[in-house]
Every structure is written in C-alpha cells, then in structure tokens.
Amino acid sequence: MSRPTPPPIADALIGWFADAARPLPWRAADVSPWAVLVSEIMLQQTQVARVVPRWEAWIERWPTPAALAAEPPSEAVRAWDRLGYPRRALWLHRAATEIVERHGGEVPHDLDALLALQGIGPYTARAIAAFAFGLRHPVVDTNTRRVLARAVGGQGEPGPPSTARDLAAMETLLPDDPASARLVNAATMELGATVCAARTPRCGECPIAEACAWRRAGYPPYEGPRRAAQARFAGSDRQVRGLVMREMRAVHRPITRAELAPVCDDAAQLGRAIEGLTADGLVIGDASGYRLPER
DNA sequence: TATACGTGGTA
DNA sequence: TTACCAAGTAT
C-alpha cells in the first residue's frame, strides 16, 4: 500500500523550513539522542525561550543518562529550577535510570521501548524516534494539530485531541523517505509555532497558503467544542505547590511544616499541596521533616 | 474522556 | 488586568 506522489504540501514545507528554521540548540547536528530526549521533556507545555538555558546547563552537567542516574533525584529537581511541572524532573531522572538498567545506557530507537520510559508519551516517543534517530514516524504536537486543522481540515482550531486520528492525519502528509518525513514533521511544528500561530496567524508569510483549506473557505470562525478554560493560577493549589517546591529546592535540610507555613495563609491548602507533592514523590516526609527525594 | 499538573509570555 | 496559550503525560 504505497501512496502515490508525496503531497505538494510536504515539498512546500521542506523548502520553507530550509530557510525559516530557528537555530535551536537541540537541532545542531552533533546533538546526542539523550540531549534530544531532554529537550523534548523540557519542551512539554513549555516555551522554547524558557527551555534553552535550562537545557544547556542540564546537558553540560549530565551529558549521558548514566551521569544523571548516578545522582539523586533531588539534584534533578533543583536543576529543573522554575521550568514548571517539576514532576518532569523526576520523570527524566527515572527515565535515565530505566535507560541505564534496561538499555545499557543508550536511548532506545524503538517506539515501544521509548513509550515504556517514564514521562514519555505518544508525542515525545515519536519526536525522539524521528528527530534523534531519523525514523519515519508521524510526530504530532499542539502546533501540528493546529496546522492540520487549518490547512487540511478547513477549521480555525483543532477539535478535541485524539492520538489515533491525529497520527493518521499527519501520516497522509509524510513522504515515504524517512529523511524527508523527518523534515516534514519538524517543519509542520515550526510552521505552527512561528506562522500558523494560535491567536494571530501570519497567513501572508505562509508557505502553504495556496493549499490551505481554511483560507480557501474564507477563514470561517471555529464552531466546535471549546477546551475548558484553564483554572486561575493565582491562589490555586498549583501555585502553592510551586511555592513549596521553591522552598524545598532552596533548603538543603529537612524542613518542618511550621517552616513551610509562611508560603500560604490557608493551612488546609498548604496541607493539600504538601500531601499532593508527597504523593507525587517530589517531597518525602518523615519524622525529621520534609525533604526532596534522595533516592 | 476529563482533570490536575507550574510558570511565564503575550495581546 | 485578565485571559489565553504553551514541543504533553499520567491517572
């Protein structure tokens, strides 16, 4: 079942990407699969500009999975700093350990092996397989979903995500040649990030405007179901968790509940935060107090 | 499938 | 200022 010719959209994307690709450090030719893996986990729900410095420091300090696995998780959490979703620091440490234990310290190529690693889901596994190893897999992130919704689906915004549907949609755009497919994956993400943006698309600069179904339809407004609005951050449990973590990173000794009290007026909310962080393994509590995980 | 999960940039 | 958005994953 081979498809006919590669879609013209693919060629247009590849041509555009050759010029327009941002020189992101993890795109350099000599970057290791581990460094790509680290970048992908850091980039989950996190803007490029905030990731770059943390990634540089991380790779310098832990150039291999073994180097990270040799240190306690607490150090990973501290190095994560304020990137957000600190569970990812734990996941990355766990994944490094799993890579050492199950794969001899080498990041696996195989999609199922990648998927089995902690913190690596459908997007990240394919991103690593495609970008680090050049394997031919569809890679679908939030940018890709938006480009597909507009250019192919004729809708202003993507509908509710469905991994199976999204992957199938991207598959129809991919050339057979793995190297070209890799470029189309990267170019589609880049287009969504820099041109086909969520709030202010710059259609005048779009390399596939001629082929865009949304443009052809006259840019109809999105009618489908809306994502639930993100809960307010100020005063949220999330914010309190973040404040607790900030203390935990700074204090290199067990800290008592009383010492944590200043981070939040609401004792019940502070309790929820500490309990949640403990359940997540980000905080360990014992008779001496609370601390970051040393093991 | 819906929800929780950090933090900061941008309009 | 508020509201939306951000290279998602686990449960």
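In what follows, chains are A, B, ... by sequence order, proteins preceding strands, each numbered from 1.
Regarding A/W80, its CH2 atom lies at a distance of 14 Å from the P atom of B/dG8, rounded to whole Å. Distance A/L243 CG to B/dG8 C1': 14 Å, rounded to the nearest Å. Rounded to a whole Å, the CG atom of A/L90 is 21 Å from the P atom of B/dA4. Distance, A/H93 NE2 to C/dT9 C1': 19 Å, rounded to whole Å. Nucleotide C/dA7 holds its C1' atom 13 Å from the CD1 atom of A/I120, rounded to whole Å. Per the geometry, CE belonging to A/M170 stands 15 Å off P belonging to C/dA7, to the nearest Å. Rounded to a whole Å, the CZ atom of A/R87 is 8 Å from the C1' atom of C/dT9. As rounded to whole Å, 13 Å separates atom C1' of B/dG6 from atom CG of A/D237.
At least one side-chain nitrogen or oxygen of A/R227 sits closer than 4.0 Å to the OP1 or OP2 atom of C/dC5. Considering only side-chain N and O atoms, A/R88 lies nowhere under 4.0 angstrom from the phosphate OP1 or OP2 of C/dG8. The side chain of A/R146 contributes an N or O atom lying less than 4.0 Å from OP1 or OP2 of C/dA6.
Considering all non-hydrogen atoms of both residues, A/V36 and A/W26 come closest at CG2-O, 4.3 Å. Residues A/V51 and A/M42 come closest through the heavy atom pair CG2-O, 3.4 Å. Residues A/R146 and A/A193 approach most closely at NH2-N, 4.4 Å, considering heavy atoms.
A/I208 CD1 to A/I9 CD1: the interatomic distance, rounded to the nearest 0.5 Å, is 5.0 Å. Taking CG of A/N185 as the reference point, atom CZ of A/F17 lies at 10.0 Å (rounded to 0.5 Å).
Ring-plane geometry between A/Y219 and A/W214 is classed as perpendicular, the angle between the planes exceeding 60 degrees on a 0 to 90 degree scale with a lower cut at 30.
Distance noted for atom C1' between B/dT1 and C/dG8: 16 Å (whole Å). C/dC4 and B/dT3 have their P atoms separated by 16 Å, given to the nearest Å. Using atom C1' as the reference point in both B/dG8 and C/dA10, the two lie 24 Å apart (nearest Å). Taking atom P on both nucleotides, C/dA7 is separated from B/dA4 by 23 Å, rounded to a whole Å.
Under 3.5 Å, the side chains of A/E71 and A/W62 contain a donor-acceptor pair of N or O atoms. Checking A/E40 against A/T124 by side-chain atom types alone, no donor-acceptor pair falls below 3.5 Å. With 3.5 Å as the limit, one finds no donor-acceptor pair spanning the side chains of A/Q239 and A/S236. Counted by atom type alone, A/D141 and A/T144 present one or more donor-acceptor pairs between their side chains at under 3.5 Å.
By the 4.0 Å N-to-carboxylate-O rule, A/E157 lies too far from A/R199 to be salt-bridged with it. With respect to A/R78 and A/E75, a salt bridge is recorded, a charged nitrogen being found less than 4.0 Å from a carboxylate O. Salt bridge A/D177/A/R136: absent, no basic N to carboxylate O contact under 4.0 Å.
Across all strands shown, A/G121 has heavy atoms under 4.0 Å from sugar-phosphate atoms exclusively, and none from any base. Heavy atoms of A/P122 sit under 4.0 angstrom from primed sugar atoms or phosphate atoms, though from no base atom. Nucleic acid contact for A/P161: none, since no nucleic acid atom lies under 4.0 Å from a heavy atom of the residue. Residue contacts shown for A/A198 are limited to sugar-phosphate atoms, with no base heavy atom under 4.0 Å away.
Residues from residues 13-39 of chain A lying near DNA chain B, meaning a heavy-atom separation below 4.0 Å, are absent. For residues 41-61 of chain A, proximity to DNA chain B is found at A/Q45, A/T46, A/Q47, A/R50, defined as any non-hydrogen atom under 4.0 angstrom from a strand atom. Listed by residue number, the members of residues 261-284 of chain A with any heavy atom below 4.0 angstrom from DNA chain C form an empty set.
Comparing B/dT7, B/dG6, C/dT2 by their nearest atom to the side chain of A/R249 picks out B/dT7. Each of B/dG9, C/dT2, C/dG8 was ranked by its minimum atom distance to the side chain of A/R199; first place goes to B/dG9. Among the nucleotides B/dT7, B/dG9, B/dG6, the one closest to the side chain of A/R82 is B/dT7. Residue A/W91 has its side chain nearest to C/dA10 when only C/dA10, B/dG6, C/dA7 are considered.
For A/E259, the CD atom is densely surrounded, since the number of other residues' heavy atoms within 6.0 Å is greater than 12.
Taking 3.5 Å as the limit, the base of C/dA10 and the side chain of A/Q118 contain no donor-acceptor pair of atoms between them.
The residue among A/T200 and A/S162 whose nearest nucleotide of DNA chain B is located toward the 5' end is A/S162.
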